[in-house]
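What follows is a short report on a single structure.
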Amino acid sequence: MTSHATIENPPSRGRSTARKVGALLAVSVLVVGLGACANSTGDNESGHPAAQGAPAGSSRTTPPATPTATAEPTATSSPTRKVVQVSGDDGSEPKAPTRKRELPVPTRTPSPAPVPAKVFSVKPRTNTSTARARLVGLTTARGQGSETVTFRFAGTEVVPKYEVRYVDVVRAHPEDDPIAVEGNAYLEVSFKLTNPNVRGRLAVPPDLTPGQPQVREILLVHNVAGSLKFGVGVTRRAQFRLHETKGRASLVLEVRDR
């Protein structure tokens, strides 16, 4: 009996080579897959973990980086400033508003205080009495360093309205010609609401020349409707003062003779 032995044919070289090539391809695919997985878990090409996260299973977590907001560039980089146009639109650069200059308030010069009647001065004196009176006396006297002219009134207890002042010339009215009065300077004494007539005649001399060193002449130059005016001629322009008395009302004109 003939025995048949089974003889296994050894694998051929071509078949083993194909298996090797297949194994290499499988290894390459595996490597490529691992690399893709590594990149998907955060490894970058340099081998360092990416900032987005850590591999699964790690207990330490890295917080994601905060994205930085990038502002879009504007037309101008410098801050805007509000400018007020003062006037006009001539294409020039607008000007800043100007502040209105405050002008100083003009000061009013007060009127000089009137000189009291009892003070010696060459300035005019006056009063504003409304009393009606009758002039009944006119006399002169000479004192120590001065001379006086006294006007006495009746029918009143106070002196009527008067004005005493120096004038360049004596006139009955402003438009009249000057009246000659003895002296080198002239005082004008005027009264209002005063009548010098008694029983139809003058109660005082209309022209009095006392012959004193200072007071040379006293002349009545105006007598109309209660308005009286006397021209008093003096040797030189000197200071004077006035004294008013009540009861038997009188006005005393005192002129310095030095």
Side-chain angles (χ1 to χ4, degrees), residues 114-129 131 133-154 156 158-246 248-258:
V115 179
K118 295 182 179 181
V119 176
F120 276 109
S121 176
V122 295
K123 293 184 178 181
R125 317 295 172 84
T126 185
N127 79 347
T128 57
S129 173
R134 178 173 282 108
L135 180 63
V136 295
L138 175 58
T139 59
T140 62
R142 186 176 181 184
Q144 186 68 30
S146 64
E147 297 177 15
T148 60
V149 179
T150 302
F151 300 87
R152 292 188 298 106
F153 299 90
T156 180
V158 295
V159 177
K161 183 178 181 178
Y162 65 80
E163 182 180 7
V164 181
R165 63 190 181 107
Y166 272 106
V167 294
D168 295 332
V169 294
V170 178
R171 301 176 190 268
H173 299 88
E175 65 276 7
D176 291 349
D177 292 335
I179 299 175
V181 179
E182 185 179 349
N184 300 314
Y186 311 100
L187 281 166
E188 184 181 84
V189 182
S190 302
F191 296 99
K192 297 293 184 182
L193 303 177
T194 303
N195 186 355
N197 300 324
V198 176
R199 297 176 183 177
R201 304 178 64 177
L202 287 176
V204 297
D207 187 3
L208 181 63
T209 54
Q212 297 176 174
Q214 178 67 306
V215 179
R216 305 299 299 170
E217 184 179 7
I218 305 167
L219 181 64
L220 177 61
V221 298
H222 180 76
N223 178 20
V224 177
S227 177
L228 298 181
K229 183 186 294 184
F230 290 87
V232 180
V234 294
T235 302
R236 61 183 176 276
R237 185 184 178 97
Q239 292 182 336
F240 67 92
R241 65 181 178 180
L242 302 174
H243 303 275
E244 298 181 20
T245 62
K246 297 181 179 180
R248 297 183 61 181
S250 63
L251 177 67
V252 179
L253 169 62
E254 182 179 5
V255 184
R256 282 181 170 173
D257 60 2
R258 297 177 184 178

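For the numbers below, each heavy atom of this structure counts, side chains included, while hydrogens, waters and symmetry mates do not.
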Residue list, side-chain hydrogen bond (donor to acceptor under 3.5 Å, both in side chains) with [X], at least two apart or on another chain:
X: Asn197; answer: Asn195
X: Tyr186; answer: none
X: Glu188; answer: Arg165
X: Gln214; answer: none

Please report the interatomic distance [atom1]([X]) to [atom2]([Y]), rounded to the nearest 0.5 Å.
X: Leu138; Y: Leu202; atom1: CG; atom2: CG; answer: 11.0 Å
X: Ile179; Y: Leu219; atom1: CD1; atom2: CG; answer: 6.5 Å
X: Phe151; Y: Glu244; atom1: CZ; atom2: CD; answer: 13.0 Å
X: Leu253; Y: His243; atom1: CG; atom2: NE2; answer: 9.0 Å
X: Gln212; Y: Glu147; atom1: CD; atom2: CD; answer: 4.5 Å

[X] side chain vs [Y] backbone, donor-acceptor pair below 3.5 Å:
X: Thr156; Y: Val158; value: yes
X: Asn127; Y: Tyr162; value: yes
X: Arg125; Y: Phe240; value: yes

Please report the closest heavy-atom contact between [X] and [Y], naming both atoms and the distance.
X: Pro160; Y: Ala131; value: CB-O, 3.6 Å
X: Asp207; Y: Glu217; value: OD1-OE2, 2.9 Å
X: Gly231; Y: Val181; value: O-CG1, 4.2 Å
X: Thr235; Y: Asn184; value: O-ND2, 2.9 Å
X: Ser129; Y: Lys161; value: O-CB, 3.3 Å
X: Val136; Y: Val204; value: C-CG1, 3.9 Å

(message) Tell me which pairs pass ring pair (Phe, Tyr, Trp, His ring centres under 6.0 Å) where either residue lies in residues 193-220, with sequence neighbours left out.
(response) none
(message) Do Pro213 and Arg142 have side chains that approach each other closer than 4.5 Å (heavy atoms only, starting at C-beta)?
(response) yes
(message) Applying the side chain to side chain contact (heavy atoms under 4.5 Å, CB included) criterion to Val149, which one of Val189, Thr140, Val255, Thr139 satisfies it?
(response) Thr140
(message) So, using ring pair (Phe, Tyr, Trp, His ring centres under 6.0 Å) as the criterion, who are the partners of Phe153 when residues are at least two apart?
(response) Phe191
(message) Using the ring pair (Phe, Tyr, Trp, His ring centres under 6.0 Å) criterion, which residues pair with Phe120? Sequence neighbours excluded.
(response) none
Pairs under 3.5 angstrom only: tabulate donor-acceptor contacts from the side chains of residues 221-229 to other protein residues two or more places apart or in another chain.
residue : atom : partner : partner atom : Å
Ser227  : OG   : Lys192  : NZ           : 3.4
Lys229  : NZ   : Ala172  : O            : 3.4

List in chain and number order the residues that pass salt bridge (Lys or Arg N to Asp or Glu O under 4.0 Å) with [X], two or more places apart in sequence or in another chain; answer none if no residue qualifies.
X: Arg134; value: none
X: Arg256; value: none
X: Arg216; value: Glu182

(request) Just jot down the side chain to side chain contact (heavy atoms under 4.5 Å, CB included) partners of Arg171, sequence neighbours excluded, or say none. (result) Val169, Pro178
(request) Mark yes when over 12 heavy atoms from residues, nucleotides or ligands other than Gln144 sit less than 6.0 Å from its CD; otherwise mark no. (result) no
